[in-house]
Protein chains: 2
Amino acid sequence: LHSGEFLEMNVQELMIPSERVAHVQLGNNLEHALLVLTKSGYTAIPVLDVHYRLQGLISTPIVMDAILGLQRIEFDQLDQKKVEEAMNSSIPRLKANSTVQSSLALLIDHPFLCIEDDEEVFVGILTRRTVLQLLNNNVRR
Amino acid sequence: LHSGEFLEMNVQELMIPSERVAHVQLGNNLEHALLVLTKSGYTAIPVLDVHYRLQGLISTPIVMDAILGLQRIEFDQLDQKKVEEAMNSSIPRLKANSTVQSSLALLIDHPFLCIEDDEEVFVGILTRRTVLQLLNNNVRR
Ligand SMILES: Nc1ncnc2c1ncn2[C@@H]1O[C@@H]2COP(=O)(O)O[C@H]3[C@@H](O)[C@H](n4cnc5c(N)ncnc54)O[C@@H]3COP(=O)(O)O[C@H]2[C@H]1O
Ligand SMILES: Nc1ncnc2c1ncn2[C@@H]1O[C@@H]2COP(=O)(O)O[C@H]3[C@@H](O)[C@H](n4cnc5c(N)ncnc54)O[C@@H]3COP(=O)(O)O[C@H]2[C@H]1O
C-alpha cells in the first residue's frame, strides 16, 4: 500500500468551496427548500443564517417526513412550514484545518461534512466522493 | 498502514442482503415509489422486476424532476407516471464474487452498488458506509 501522507492533508485543500454549495436560508419554507433540492439535484444541503453560519441540514427525506399525513403525503403543507421547523440541527462540523484522517470516521455516518473557519462561518463541504477518490488512488495492491 | 487484505474480501461478505433492501417493482407509480422512499428514509433504492432482477434505480431527485412543471412541482402527476418511465436504467452492477478493490472506483460515483448472482438475480447492495468503515479500520497512521 502507498504511504499514508494523504491522511495528513488539510480538508480545506479538498473541500467544495461555499460558493459552489447549494443551500437554503433560515426563514425559507419547505416548498422553496424542495425546489432548491430538486433543481440542484442533491438529496441534502446545508441550512445557513444571514451571516453564513451553519444552522443545520435539510434533505428530501426530512421534507417528505414533515408533511407525511396519516393517509398520504400532504403537499399543500409545504408552504406552511419553515426549514428551521424540520431541519436536522445537530450535525457535525469540521474546522478548516482538520485533516482527512479526522474526517474518515465521520464520513461513515455522513455523506458530506460541513467545514467552518474560526469565526464559525461556513466555508465549504467535504464529500464522501472526494475522500473515496483519494483512497482509491492511495490504497492499492 | 495496515495490509491490503481487506481489498481482497468478497463483496458478498459485506453486502446488505436483498431481504433488507427497500425497493420498488416495475409497474408501481411514482406516488407509491415516493411513499416507499419516504417511509424507508432512503434517497435512492433499486427497481426490480417480478423475478427479482435489477431494472434500475429510483430516487427522490428523479421523482421530483419527473413532475417538475414550468412554474411548480406538479404533485398531482405522481400517480400518473410509472417508475419505469422515470428510473435510471443504466446503473453498474457487481457480481457476487467481486472484490472490495473492484468496488472502490465505482463507489466514487455511486452511493451504493447493486450485487447480482450468476442468474442476474439481485442479491444485495454494497454501500459507501460499509466500505468507509472498512477503510477507516485499515488505513491509519
Ligand atoms: N450533479 C452531480 N454530478 C455528479 N455526481 C453527482 C451529482 N449529484 C449527485 N452526484 C453523485 O451522487 C452522490 C450522492 O449525492 P447526494 O445528493 O445524495 O448527496 C450529496 C449532497 O447531499 C451533498 N453535496 C455534494 N455536492 C454538493 C453541492 N455542490 N452543494 C450542496 N450539497 C452537495 O453531499 C452529498 C455527497 O456527495 P458526493 O459527491 O459524495 O456523492 C454524490 C455524487 O457521487
Ligand atoms: N436508516 C438509517 N440509519 C442509519 N444511517 C442512515 C439511514 N439512512 C441513511 N443513513 C445514512 O445516510 C447515508 C445516505 O443515505 P441515502 O439514503 O442518501 O443513500 C443510501 C440509499 O440510497 C442506499 N441504501 C442504504 N441502505 C439501504 C437499504 N437497506 N435499502 C435500500 N437502499 C439502501 O444506499 C445509499 C448509501 O447508504 P450508506 O449507508 O452508505 O449511507 C447512508 C447512511 O450513512
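Just so we're on the same page: letters track the sequence lines, and every chain starts at 1.
Surrounding NZ of A/Lys95 are more than 12 heavy atoms belonging to other residues, nucleotides or ligands, all under 6.0 Å away.
Here A/Ala105 is the residue among A/Pro111, A/Ala105, A/Gly41 with the most heavy-atom pairs under 4.5 Å with chain B.
Residue-level contacts of residues 13-32 of chain B with chain A do not occur; threshold 4.5 Å between heavy atoms. At a heavy-atom cut-off of under 4.5 Å, chain A is reached by B/Thr60, B/Pro61, B/Met64, B/Asp65, B/Leu68, B/Ile73, B/Phe75, B/Leu78 from residues 54-84 of chain B, listed in order of number.
A chain of hydrophobic side-chain contacts below 4.5 Å, direct or via other Ile, Leu, Val, Met, Phe, Trp or Tyr residues, connects B/Val100 to B/Leu94. Hydrophobic clustering, with ILVMFWY side chains joined whenever heavy atoms are under 4.5 angstrom apart, keeps A/Phe112 apart from A/Leu126. The cluster map of Ile, Leu, Val, Met, Phe, Trp and Tyr, joined by side-chain heavy atoms under 4.5 Å apart, puts A/Ile115 and A/Val121 in different clusters. In terms of hydrophobic clustering, with Ile, Leu, Val, Met, Phe, Trp and Tyr side chains grouped at heavy-atom distances under 4.5 Å, B/Leu7 and A/Leu134 are assigned to a common cluster. By the criterion of side-chain heavy atoms lying less than 4.5 angstrom apart, applied directly or through intervening Ile, Leu, Val, Met, Phe, Trp or Tyr residues, B/Leu48 is grouped together with B/Ile125 in one hydrophobic cluster.
Taken to the nearest 0.5 Å, the CG atom of B/Leu37 stands 11.0 Å off from the OG1 atom of A/Thr43.
Listed here is the closest heavy atom pair of A/Ile108 and B/Asn136: CD1-ND2, 3.6 Å.
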